[in-house]
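Down below is the structure, laid out as structure tokens.
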Amino acid sequence: MDIKRKKQVSEWAVKTVMWISMSIVFLLVFSVIWTIFSKGCKAMSWSMLTKLPTAGTYLGGEGGFPNAIVGSLYIVGASTVLGLLVSIPVVFYLNVYLKTSSKLAYWLRLACDVLFGVPSIVYGAFGFTIMIFFGLRTSLLGGIIVITMLIIPIFIRTMDEATRNFPREILDASYALGATRWETLKVVVRQIAPGIATATLLSIGRAIGDAASVMFTAGYTDSIPTSLSQPAATLPLAVFFQLTSPIPEVVDRAYAAALVLTIIVLILSISGRFITNRFSKNKL
Amino acid sequence: MAIEIQHLNVYIKENQILKDICLTLPEKQITCIIGPSGCGKSTLLRTINRLIDSTEHVRLEGKVLVDGKDIIGSGHEITELRRKIGLVSQRPCPLPMSIFDNVAYGCRINRMYKKHRQLIYNVQKQLQAVGLWDEVRGRVRTSATRLSIGQQQRLCLARSLAVEPEYILADEATSALDPISSKTIEDLFVSLKSQYSIIMVTHTLHQALRIADNVVFMYLGEVVESGPARQIFEQPQQELTRKYLSGIFS
């Protein structure tokens, strides 16, 4: 085979491998969504979203899972706000106040990487231990705190990556006008807004789909919590508990819960992209 | 009042970047700092407004007197110093906000105006001063990043002028621009020198020749020669200056 032919064949081979890989990814997304939608739609009804479960629900009777939807939204909403409140100052301190060669910055990033890799069940076990220490029962507050701990490293590392590429010239331009570092943060926020949106989306995705950490901390209940001290149901646990049932109607209901979970994640992803694009309007 | 630099040494880690700089930069004139790459021109400029502080492992020695006050040392109010000394950098760097907000930014952080109307008036005035108003009128609320590079550089100049500085530092402010935009910026500097003291780093000898009142020639972190532009260009005292001006090295 001459060199020209060899080059053509290798180019074709590499392209084929790439196409196969891409097809696997698309197939994966399509098959997951198809399975969830086809199975979930069968059991989906208005009462699934509105009617609280009763004792008979788990034997195939009437009732849905609004308790899990509301519980998940409570936990995710509160932990996202708390996570942002903790993470944003850390990211700004790392990137605007600390020097690049700072030892503290190095150790902080390493600590976040370690926390990033900790499995969620370990966070659950840790939260559970803390709750026992303080004599607390499974509660909405417990779930919120553990999920916050789970997503803080995701927030920090994702926003940190976005901020590290921040053009130094913009900081200098702001300082040169007499701005303090605190005043300059306003400019930084505008520039890294897409990064914050991405970090929030990733964190919410992780938070809303995690079952292991909330199992021991938020618990599970058939009612909607009215205070932070009450246990709260979550969608992943609604899927988990119902999917293991021997009754087909209950299993179908698990798929309906999975469908709601998927739709929430899809809405967040699409709206997140929309928001990111709007924020990117002024980005350099 | 002029800027006076006395025995300034700047070190980054163990490297000495500026060596015993002694200079007087006269007011209401254009002073061009020339010299080959890496000779410390930009470091000198960044020392004057203390932007050098954001460089890691930097150490300053000597005195830089701005309006008679030494700005080296911790006692000086750096934000006020920077407001007083505007900077136009090499690459136009609009802030990630609208054209209006770019010019208004400095006024807002320095709390210069109580009434929004005054702010609008000042923004318009500065955009007119840099010849940008007619080009952006009607779209001042759109993103500054959509402007051309030349327009962005004029916007950056307007942004610096908006905080009412006394000095303008320009770090190769025309090097990233096309010849027409470059000429516009040059003309602007010439028209502004009656109100501001302009200190300009340039790589282009012709530019210095066209607009400079005074010239400082630097080489390897030292000031080789400084003085009125005509004297430096026509009768350089130092052999090194003569070689640089005749293009033997650059």
Side-chain angles (χ1 to χ4, degrees), chain A residues 88 91-109 159 161-198 274-284, chain B residues 13 42 45-46 48-58 77-99 101-112 141-146 152 155-156 159-165 167-169 171:
Chain A
I88 288 180
V91 173
F92 286 158
Y93 192 70
L94 269 173
N95 290 285
V96 180
Y97 283 77
L98 286 178
K99 305 243 176 195
T100 323
S101 61
S102 157
K103 282 264 182 286
L104 180 60
Y106 172 80
W107 287 110
L108 201 54
R109 287 193 174 103
M159 287 194 280
E161 283 306 318
T163 320
R164 278 173 103 171
N165 299 324
F166 189 88
R168 290 294 314 176
E169 296 95 332
I170 295 185
L171 293 183
D172 283 350
S174 175
Y175 295 149
L177 292 166
T180 59
R181 284 189 281 194
W182 165 239
E183 286 161 340
T184 302
L185 287 184
K186 190 182 157 193
V187 179
V188 179
V189 169
R190 279 170 182 258
Q191 182 74 10
I192 66 156
I196 296 176
T198 310
F274 176 73
I275 293 166
T276 307
N277 288 341
R278 274 191 71 90
F279 273 127
S280 302
K281 196 175 64 176
N282 284 337
K283 200 170 174 275
L284 294 184
Chain B
K13 282 189 175 171
S42 297
L45 222 55
R46 289 172 66 85
I48 294 171
N49 68 354
R50 289 286 298 271
L51 266 186
I52 190 91
D53 290 11
S54 55
T55 308
E56 292 189 34
H57 311 294
V58 71
E77 180 54 59
I78 289 178
T79 52
E80 175 54 20
L81 170 81
R82 287 177 182 159
R83 187 204 60 76
K84 210 158 39 175
I85 305 177
L87 175 76
V88 184
S89 56
Q90 186 175 7
R91 217 164 48 116
C93 191
L95 300 171
M97 45 185 81
S98 70
I99 297 168
D101 287 337
N102 257 276
V103 184
Y105 178 77
C107 307
R108 285 181 177 139
I109 55 171
N110 290 295
R111 291 163 192 85
M112 288 170 63
R141 298 284 176 183
T142 60
S143 173
T145 54
R146 292 187 192 158
Q152 285 184 11
L155 178 71
C156 293
R159 187 176 66 194
S160 297
L161 298 180
V163 293
E164 296 170 6
Y167 307 88
I168 297 172
L169 307 179
D171 189 0

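Residue numbers start from 1 in every chain, and the chains themselves are labelled A, B, ... in the order their sequence lines are given, proteins ahead of strands.
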> With a cut-off of 6.0 Å (strictly less than), are more than 12 heavy atoms of other residues, nucleotides or ligands near OH of A:Y106?
Replying inline: no
> Which pair of heavy atoms, one from A:A173 and one from B:C93, lies closest together, and at what distance?
Replying inline: CB-O, 4.1 Å
> For the residue pair B:N110 and A:L177, what are the closest heavy atoms and their distance?
Replying inline: ND2-O, 3.0 Å
> Going from OG1 on B:T79 to CZ on A:R181, what distance comes out if it is rounded to the nearest 0.5 angstrom?
Replying inline: 12.0 Å
> Quick one: what part of B:I85 sits under 4.5 Å from any heavy atom of chain A, side chain, backbone, both or neither?
Replying inline: backbone
>> Please classify the contact of B:N102 with chain A as side chain, backbone, both or neither, using a heavy-atom distance under 4.5 Å.
In response: neither
> Of the non-hydrogen atoms in B:S54 and A:R168, which two are nearest, and what is the gap between them?
Replying inline: CB-NH2, 4.0 Å
>> Could you walk me through whether A:V187 and B:Y105 satisfy the side-chain contact (heavy atoms from CB on, under 4.5 Å) test, starting with their C-alpha distance in whole Å, then the side-chain angles of each, then the deciding distance to 0.1 Å, before giving a yes or no?
In response: CA-CA 10 Å; A:V187 179; B:Y105 178 77; 3.4 Å; yes
> Do you know which of B:E56, B:R83, B:R46, B:R91 has the most heavy-atom pairs with chain A at a distance under 4.5 angstrom?
Replying inline: B:E56
> Highest number of heavy-atom pairs under 4.5 Å with chain B: which of A:L171, A:D172, A:T180?
Replying inline: A:D172
>> Just checking A:Y93: does its OH atom have more than 12 heavy atoms from other residues, nucleotides or ligands closer to it than 6.0 angstrom?
In response: no
> Roughly how far, to the nearest 0.5 Å, is CG of B:L87 from CD of A:E169?
Replying inline: 11.0 Å
> Below 4.5 Å, heavy atoms only, C-beta onward: do A:K186 and B:I109 meet side chain to side chain?
Replying inline: no
> If you look at every heavy atom in A:A176 and B:L51, which pair is closest and at what distance?
Replying inline: CB-CD1, 4.3 Å
>> Minimum heavy-atom separation for A:R190 and B:D101, please, with both atom names.
In response: NH2-OD2, 4.3 Å
>> Under a 4.5 Å cutoff for heavy-atom pairs, which residue among B:R108, B:Q90, B:R82 has the most contacts with chain A?
In response: B:R82
